[in-house]
Amino acid sequence: MRFFFLTVSVCFVSILSFHFTPASVAQSTKWVGTWSTAPQLVEPNNNPPSPGLSNNTIRQIVRVSLGGDTVRMRFSNEFSTSPVTMQEVRIAVSPSGRDAIDPGTETLLLFNGAPDVTMAAGGAVMSDPVPFPLEPLTTLAITIYFGSTSPSVTGHPGSRTTSYILTGNAVSNADFSGAVRTDHWYVINTIEVLAPEDAAAVAIIGDSITDGRGSGTNEQNRWPDELANRLQENPDTRQVAVLNEGIGGNCVLRPCLGPSALSRFNRDVLQQNGVRWLIILEGINDIGGSSGAGIGNDLIDAYTEMIHHAHLNGIFVYGATLLPMQGSSYFSPQREAERQIVNDWIRTTDMLDGVIDLDLALRNPADTLRLLPEADDGDGLHPSEAGHRMMAEAVDLDLFLGRDPLDYTDESTTLFFEPECATVGANWDVLSDALASDGKFVTVKPGIQSLTEAPTGPENLITVPFSVDSTGAYSVFGRVNNLTFDDDSFWVQMDDAGFELHNGLVTTGWEWVDFGDFELTAGAHTLTVGYREDGARLDKLGLSNAPFAPLGLGADAVNRCTSTGVENETEVPDGFRLGQNYPNPFHPVTSIDYYLPHRSGVTLEIFDLSGRTVATLVDGVERIGKQTITFDGSDLASGVYFYCLSTTSGLVQRRMMVLVK
């Protein structure tokens with residue numbers, strides 16, 4: 001944390017030294033992702049080889065899709081348990097697609113104007129925008145000199161490219177001769193470019209097939225890469241970027257390798273800038289890991305949920321049929337029947353905006369349950385390099401042309417509740433987590449369990465009174481963080497009915513899970529939550545008259561509070577801090593958090609690049625702790641703005657935000 005001991009009158013003076021590129025901003029219209037990979041917790045066997053990352057340098061290779069003249073990059077520490085420091089990060093063109101760079105293109109990335117940045121455990125950072133002439137389909141080298149790193153590494157094992165590790169600070173080396181090699185990515189997440197108004201991205205959410213299993217290492221020929229090639233070859237689609245959000249071994253409904261598609265959907269699709277289209281090609285791991293019965297309809301429900309949330313965000317959704325799997329370990333008659341249920345639904349539903357029939361394109365006409373021999377990588381499940389090309393060729397490029405904006409209205413209602421703001425029994429702890437809603441969550445005290453029946457007595461329960469306006473079916477969801485099968489269950493009760501056990505709620509971080517469906521009459525009700533296992537964490541509750549789980553933090557709770565009265569509630573933040581607005585860039589609404597160590601007079605202002613105050617969001621005395629302010633930039637032009645927080649005690653901090661329209 002950095003403090004600026006300035007007066008309010010010089011708040012903008014500090015902005016003048018803030019790193020930005022006015023020429024690029026003036027030419028910009030919006031940020032669009034040009035490359036992305038889905039972060040996950042790296043399994044131990046895929047951790048960085050010796051000498052490791054701490055105090056060493058890694059060069060990682062990626063290929064972008066869309067070009068631009070200004071770039072920025074997101075780095076992720078979201079699955080790590082300790083902070084990670086990057087001392088210096090540079091990007092450069094890699095002419096060969098290997099470790100050697102073109103030194104004339106080498107560019108330093110900055111973070112809030114500084115070359116170094118520390119990512120908190122569970123956090124992520126975005127670099128400042130930097131001028132960088134980036135041609136479409138360019139292969140980039142991202143070179144990071146690390147400080148201390150976490151023993152639990154966030155990354156992406158299925159890179160299909162080689163990364164290079166050298167001891168010490170080698171960030172400016174023209175090549176990495178003698179480096180230790182590993183075919184994995186670490187901490188890199190997304191590259192964005194400032195692009196014209198007609199530019200947009202297609203995100204592809206999938207499993208190992210989309211991740212590139214069967215493609216060539218360092219060949220950049222996964223089927224999303226081949227699709228990017230085709231889009232660039234067609235003059236009408238050259239402004240379409242491709243974002244590969246595949247994870248090898250991934251499932252739709254549950255964490256199997258990496259977070260489930262449902263749980264990562266908000267981050268990997270909805271929060272990606274510039275996404276206008278989505279392709280869903282995922283579910284074969286759910287089928288292959290099941291007995292078969294009923295999994296197809298469960299997948300259809302999950303696809304429906306993803307389509308709903310995508311449509312709410314103006315994103316067209318295309319369903320890709322699941323490839324044949326006979327000859328693989330996944331195949332059985334029962335599982336094949338479920339694959340057919342899924343594919344039939346994809347081909348016939350009116351919920352999708354288009355169909356990409358990969359099953360038809362790659363199946364063997366002589367045996368339609370198998371892949372074509374030339375499309376089979378040899379295991380009966382994954383496509384070969386030729387198969388990846390065939391998949392890309394099966395995509396009709398007209399899907400990315402000439403569509404009017406989506407007109408989709410959500411008529412459902414969801415009420416959100418903060419458990420720590422309800423009536424909390426004395427056997428519960430209220431703890432802090434920056435990734436939790438309002439920074440707090442509840443968990444039962446260590447060593448207290450109730451495994452065979454729901455606990456009784458007010459000291460063991462959390463009770464949430466609420467009311468609904470209409471009679472009907474309602475679904476309850478809980479935002480939980482349960483990392484093992486020893487801390488993954490709660491008892492849930494609606495009104496005076498019996499408690500229901502909700503077990504098997506293992507997650508890979510904070511995720512929304514189903515807490516049951518209930519028929520409610522209009523009027524007052526009470527939701528009660530009891531513990532079953534200590535260690536299970538509950539952040540937020542949602543009650544909806546639609547069967548779709550919320551995403552992210554959900555909306556503001558109806559019962560937000562400043563104090564719960566629980567004796568062991570954790571301390572308020574121990575320092576003055578202004579958070580980065582979210583989302584950023586924003587269109588046109590964003591949220592700003594700030595933290596006060598004591599009650600204080602506060603001013604929070606928005607400035608444009610000329611130093612003119614365009615909005616005053618706060619001007620008064622504020623309470624101790626975390627505050628959240630919503631800013632609506634509807635009346636402002638697109639561009640770079642700064643917001644500045646100052647207190648009567650002389651503390652000042654400022655940050656940059658980007659408004660895009």
Side-chain angles (χ1 to χ4, degrees), residues 30-40 42 60-68 70-79 89 91 109 119 124-127 129 132 134 136-142 144 154-161 163 184-195 199-212 215 220 222-229 231-232 239-248 250 258-259 261 263-282 306 310 313 315 400 552 583-585:
K30 63 180 182 180
W31 290 103
V32 177
T34 182
W35 172 87
S36 185
T37 192
Q40 61 186 99
V42 176
Q60 303 177 88
I61 309 300
V62 305
R63 193 188 74 158
V64 304
S65 51
L66 189 67
T70 304
V71 305
R72 66 181 187 178
M73 189 165 181
R74 186 180 192 268
F75 300 83
S76 174
N77 197 39
E78 292 165 86
F79 295 92
V89 182
I91 59 174
L109 297 185
M119 296 186 287
V125 297
M126 180 74 81
S127 74
F132 191 93
L134 185 65
L137 306 180
T138 295
T139 303
L140 282 181
I142 303 142
I144 306 170
T154 297
H156 189 90
S159 65
R160 319 296 166 193
T161 66
S163 300
H184 310 298
W185 284 322
Y186 304 104
V187 308
I188 58 177
N189 183 191
T190 299
I191 299 173
E192 297 179 351
V193 295
L194 279 174
V202 51
I204 307 173
I205 194 163
D207 46 41
S208 58
I209 294 173
T210 296
D211 202 22
S215 66
Q220 308 288 357
R222 315 162 189 83
W223 81 266
D225 300 323
E226 299 285 7
L227 176 58
N229 294 340
L231 290 166
Q232 286 300 316
Q239 292 298 331
V240 179
V242 179
L243 303 180
N244 186 337
E245 303 296 349
I247 293 180
N250 199 229
S263 67
R264 65 189 180 94
F265 189 78
N266 189 51
R267 180 199 66 195
D268 291 345
V269 177
L270 302 185
Q271 291 183 5
Q272 295 284 346
N273 280 313
V275 172
R276 193 175 185 216
W277 307 277
L278 167 67
I279 298 173
I280 301 174
L281 175 58
E282 186 152 16
M306 288 190 279
N313 285 269
I315 298 171
F400 309 105
N584 187 40

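Among residues two or more places apart in sequence or in another chain, the ring-ring contact (aromatic ring centres under 6.0 Å, His included) test is passed with Trp31 by none. Scanning for ring-ring contact (aromatic ring centres under 6.0 Å, His included) contacts around Phe265 gives an empty result, with sequence neighbours left out. Judged as a side chain to side chain contact (heavy atoms under 4.5 Å, CB included), and not counting sequence neighbours, the contacts of Ala199 are Val32, Leu66, Ala195, Pro196, Gln239. For Thr190, the side chain to side chain contact (heavy atoms under 4.5 Å, CB included) partners at least two apart in sequence or on another chain are Ser36, Arg74, Glu192, Gln272. Evaluation of the side chain to side chain contact (heavy atoms under 4.5 Å, CB included) rule for Gln232 yields Pro136, Leu137, Arg238 as partners, not counting sequence neighbours. Residues passing the side chain to side chain contact (heavy atoms under 4.5 Å, CB included) test with Asp207, sequence neighbours excluded: Ile209, Asn250, Glu282, Ile284, Asn285.
Closest approach of Ala38 to Asp268, counting heavy atoms only: CB-OD2, 3.4 Å. Considering all non-hydrogen atoms of both residues, Arg264 and Gly206 come closest at NH2-O, 3.1 Å. Across all non-hydrogen atoms, the minimal contact from Gly212 to Arg222 is CA-CG, 3.7 Å. Smallest separation of non-hydrogen atoms from Met119 and Ala124: SD-CA, 4.4 Å. Minimum heavy-atom separation, Gly248 to Asp211: N-OD2, 3.2 Å.
A donor-acceptor distance shorter than 3.5 angstrom exists from the side chain of Arg267 to the backbone of Pro39, with no hydrogens or angles considered.
At least one side-chain heavy atom of Ile204 sits under 4.5 Å from a side-chain heavy atom of Leu227. Leu194 is not listed as a side-chain neighbour of Arg72, based on a closest heavy-atom distance of 4.5 Å or more. Looking at Asn189 and Thr154, their side chains never come closer than 4.5 Å, going by heavy atoms from C-beta outward. Residues Phe132 and Thr70 fail the side-chain proximity criterion, which asks for heavy atoms closer than 4.5 Å. Side-chain contact between Arg63 and Asp225: present, with at least one pair of heavy atoms (C-beta onward) separated by less than 4.5 Å. Val71 is not listed as a side-chain neighbour of Met73, based on a closest heavy-atom distance of 4.5 Å or more. Side chains of Ile247 and Pro157 form no contact here, defined as non-hydrogen atoms less than 4.5 Å apart.
In this pair, Trp35 and Trp185 present their aromatic rings perpendicular. The plane angle is above 60°, beyond the 30 to 60° band.
To the nearest 0.5 Å, the span separating CG on Asn244 from NE2 on His156 amounts to 7.0 Å. One distance of note links CD1 of Ile188 with OG of Ser159; it measures 8.0 Å at 0.5 Å rounding. Rounded to the nearest 0.5 Å, atoms CE (Met306) and CG (Asn266) are 13.0 Å apart. Ile144 contributes atom CD1, which lies 9.0 Å from atom CG of Leu109 (distance to the nearest 0.5 angstrom). Distance CG/Leu140 to CG/Leu134: 5.5 Å, rounded to 0.5 Å. To the nearest 0.5 Å, atom CG of residue Leu243 and atom OG1 of residue Thr37 are 10.5 Å apart.
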For Val187 and Ser76, what are the C-alpha separation, side-chain angles and deciding distance, and is it a side-chain contact (heavy atoms from CB on, under 4.5 Å)? CA-CA 5 Å; Val187 308; Ser76 174; 5.9 Å; no
So Thr161 and Val62, side-chain contact (heavy atoms from CB on, under 4.5 Å) or not? Walk me through it. CA-CA 8 Å; Thr161 66; Val62 305; 6.0 Å; no
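Between the side chains of Trp223 and Thr210, at least one donor N or O sits under 3.5 Å from an acceptor N or O.
Among Ile280, Asn313, Leu278, the one residue that satisfies the side chain to side chain contact (heavy atoms under 4.5 Å, CB included) test with Val269 is Leu278.
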